[in-house]
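On a predicted model such as this, the values are computed, not experimentally measured, just so you know. For the single chain, residues carry numbers from 1 onward in sequence order.
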Amino acid sequence: MLTIQYFASVREQLGRAGEEMALPDGAETVADLIDVLQSRGAPWSLLSDQQQVLVAVDQAVADRGHRLAGNEEIAFFPPMTGG
């Protein structure tokens, strides 16, 4: 089971903090998972914007090609700034 968390502006735009879901059939990578989530409709398309949304798998920043086993914690969050 995947545990998916949405943080900050991503959470606000999607209207949810997180969810759990089984790795969808045919999904092998973070990019595949994003494709499945985007099929829900317009607000979910923000997940594909790599400049606005970062991804972490088991608390380590990951790229869209990261392979999933189906039991990870996935986090989507905006880039952070310091200051």
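Residues Trp44 and Leu23 share a single hydrophobic cluster, defined by chaining ILVMFWY side chains whose heavy atoms lie under 4.5 Å apart. When hydrophobic clusters are built by joining Ile, Leu, Val, Met, Phe, Trp and Tyr residues whose side-chain heavy atoms come closer than 4.5 Å, directly or via intermediates, Leu68 is not grouped with Leu54. Following chains of ILVMFWY side-chain contacts shorter than 4.5 Å, one can reach Ile4 starting from Val10, so the two form part of one hydrophobic cluster.
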Report, one line per pair, each donor and acceptor closer than 3.5 Å where one atom sits in a side chain of residues 71-78; sequence neighbours left out.
| residue | atom | partner | partner atom | Å |
| --- | --- | --- | --- | --- |
| Glu72 | OE1 | Ala69 | N | 3.3 |
| Glu72 | OE1 | Gly70 | N | 2.8 |
| Glu72 | OE2 | Ala69 | N | 2.6 |

Solution key, residues 29-42 side-chain donor-acceptor pairs under 3.5 Å, sequence neighbours excluded:
| residue | atom | partner | partner atom | Å |
| --- | --- | --- | --- | --- |
| Thr29 | OG1 | Ala31 | N | 3.4 |
| Thr29 | OG1 | Asp32 | N | 3.1 |
| Thr29 | OG1 | Asp32 | OD2 | 3.3 |
| Asp32 | OD2 | Glu28 | N | 2.8 |
| Asp32 | OD2 | Thr29 | N | 3.1 |
| Gln38 | OE1 | Ser48 | OG | 3.0 |
| Ser39 | OG | Val36 | O | 2.5 |
| Arg40 | NH1 | Glu19 | OE1 | 3.4 |
| Arg40 | NH1 | Glu19 | OE2 | 2.9 |
| Arg40 | NH2 | Glu19 | OE1 | 2.7 |

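A distance of 9.0 Å separates CG in Leu46 from CD in Gln52, rounded to the nearest 0.5 Å. In this structure, the separation between CE on Met21 and CG on Leu2 is 7.0 Å, given to the nearest 0.5 Å. Taken to the nearest 0.5 Å, the CG atom of Leu47 stands 6.5 Å off from the OH atom of Tyr6.
Listed here is the closest heavy atom pair of Gln13 and Pro43: O-CB, 3.9 Å.
For residues 15-41, no residue pair satisfies the ring-ring contact (aromatic ring centres under 6.0 Å, His included) rule, not counting sequence neighbours.
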